[in-house]
Amino acid sequence: RWWSGSEFPKNRSKVPQDTFGVVGQLSTAWTRMKKAGQQQLTLGDLSGRTQVLSKLKGVANSFSISPNGKHLAVLQRERKVGSVSPEEFMILSGVFDMDADMSSHGNNLEDNTVISKIDSHCQDTEVERVVAFFWSPDSKKLLYLTASSNEYEMYQKTRGMALRCRWNVFHLNSGTTQQFPRFSPSTILLENVIPNFEMFSRSMTFWSPDSESFCFSGKLNIMHPTRSYAEVLEGAWVQELHSEMPTMVVEGATYVVWSPS
């Protein structure tokens, strides 16, 4: 059973000192699961039925369900192998029907749409890894942020340094990816939103309601229209999918999100 705060037993020897009640119980269960090894991706419904979709290779996994409830974006990060941190970013589709024959969907993650992958044999330190991702309102596109593997690892060790990133948009219907210009995220975006993107994505969006544009905040090198040099501009930007370059909407802004429809 779960203990409420008022019913919590006096004998708490099996519960960590820094946890309480349900949190303590879940904390110890999570610790045991991590020590046991491989995690499982499991589907469950309100009747109590469960179904294992696949075993996960990663030690750090991030998930996001599309607004229409038909797709699941999964980012798996494995333990570092030498100088490489393997990861796999993919989309699972058609796996949310408990009554469906799983053999028709494939219960192996490798049978689904892989957007990007870094394997243990990769020697390119400039290969780009995924650091955050966000579904479009129409569930047809996935916006994801990447940074070079080498720079991202340096940033994690030395917080406060600038990190060059790039926005990408994967189109589910065509299976194609758009890449947009590199930029340096604002401090709020880099230090608060990106590390907690799964939580933020449930309460705000960078996408426009029509899923044809997205916004972000940071610094960008822009070529001056009348002079032969680039200047660094900082603020809030809007990137239309049919345009190569974003448009600044508020100079000096440090954080921007799109209003609901």
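Note that this is a predicted model, so its numbers are computed, not measured.
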Give a yes or no on whether the backbone of E234 and the side-chain of E251 come within a donor-acceptor separation of less than 3.5 Å. no
Spell out, as yes or no, whether a donor-acceptor pair under 3.5 Å connects the side chain of W135 to the backbone of S64. yes
Quick one: does W167's side chain have a donor or acceptor within less than 3.5 Å of a partner on L143's backbone? no
Centroid separation F214 to F180 less than 6.0 Å: yes
Can you tell me how far the NZ atom of K140 sits from the CG atom of N173, to the nearest 0.5 Å? 5.5 Å
Does the ring-ring contact (aromatic ring centres under 6.0 Å, His included) test come out yes or no for F183 and F216, once each step is laid out? CA-CA 10 Å; F183 76 105; F216 63 95; 4.6 Å; yes
Report yes if some heavy atom in the side chain of V127 is under 4.5 Å from a heavy atom in the side chain of S148; otherwise report no. no
Tightest non-hydrogen contact, residues P137 and S211, listed as CD-OG, 3.1 Å
Tell me whether S201 contacts the main-chain N or O of E198 through its side chain, where contact means a donor paired with an acceptor under 3.5 Å. yes
Between S116 and V130, does a side-chain contact (heavy atoms from CB on, under 4.5 Å) hold up when you go through it step by step? CA-CA 8 Å; S116 68; V130 178; 3.6 Å; yes
ILVMFWY network linking I65 to V74, side-chain heavy atoms under 4.5 angstrom: yes
For the CD atom of E87 and the CG atom of L75, what is their distance to the nearest 0.5 Å? 5.5 Å
Donor-acceptor pair, distance only, cut-off 3.5 Å: does the side chain of S66 make one with the backbone of S139? no
Run the side-chain contact (heavy atoms from CB on, under 4.5 Å) check on V169 and L241 step by step: do they pass? CA-CA 8 Å; V169 173; L241 298 187; 3.9 Å; yes
Any side-chain to backbone donor/acceptor pair from S208 onto S213? Under 3.5 Å, distance only. yes
Distance in Å, M245 CE paired with Q239 CD, rounded so as to fall on 0.5 Å steps: 7.5 Å
Worked check of side-chain contact (heavy atoms from CB on, under 4.5 Å) between N221 and E231: CA-CA 6 Å; N221 290 333; E231 55 183 338; over 6 Å; no
Test: E128 and R182 ion pair at under 4.0 Å: yes
For L145 and C165, work out which heavy atoms get closest and say how close. CD1-CB, 3.7 Å
Tell me which pairs pass salt bridge (Lys or Arg N to Asp or Glu O under 4.0 Å) where either residue lies in residues 202-216, with sequence neighbours left out. K141-E212
In terms of hydrophobic clusters joined by side-chain contacts under 4.5 Å, are L233 and V250 together? no
CG (L189) and OG (S184) are apart, to the nearest 0.5 Å, by 11.0 Å
Shared hydrophobic cluster for M248 and L220 (ILVMFWY, side-chain gaps under 4.5 Å): yes
Hey, does I91 have a side-chain heavy atom less than 4.5 Å from the side chain of L172? yes
For the residue pair F200 and N192, what are the closest heavy atoms and their distance? CE1-O, 3.3 Å
When rounded to the nearest 0.5 angstrom, what distance separates CZ in R77 from OG in S62? 5.5 Å
Under 3.5 Å, side chain of N168 to main-chain N/O of Y144, donor-acceptor pair present? yes
Taking the side chain as every heavy atom from C-beta outward, state whether L142 and I115 have any atom pair closer than 4.5 Å. yes
Spell out, yes or no, whether L190 and I188 are grouped together once hydrophobic residues are joined by side-chain heavy atoms under 4.5 Å, including indirect joins. yes
Are V256 and W237 side-chain neighbours, meaning at least one heavy-atom pair lies under 4.5 Å? no
Compare every heavy atom of S217 with every heavy atom of A253, then report the nearest pair and how far apart it is. O-CB, 4.3 Å
Close side-chain approach of W207 and V257, heavy atoms under 4.5 Å: no
Strictly under 6.0 Å, is that where the ring centroids of F134 and F206 end up? yes
Can S93 and H71 be counted as having a side-chain donor-acceptor contact under 3.5 angstrom? yes
Answer yes if the ring centres of F197 and F133 are under 6.0 angstrom apart, and no otherwise. yes
How long is the gap from OG1 on T113 to CE on M90, to the nearest 0.5 Å? 10.0 Å
Please determine whether side-chain contact (heavy atoms from CB on, under 4.5 Å) holds for the pair F63 and L92, giving the CA-CA distance in whole Å, both sets of side-chain angles, and the decisive distance to 0.1 Å. CA-CA 10 Å; F63 309 93; L92 284 74; over 6 Å; no
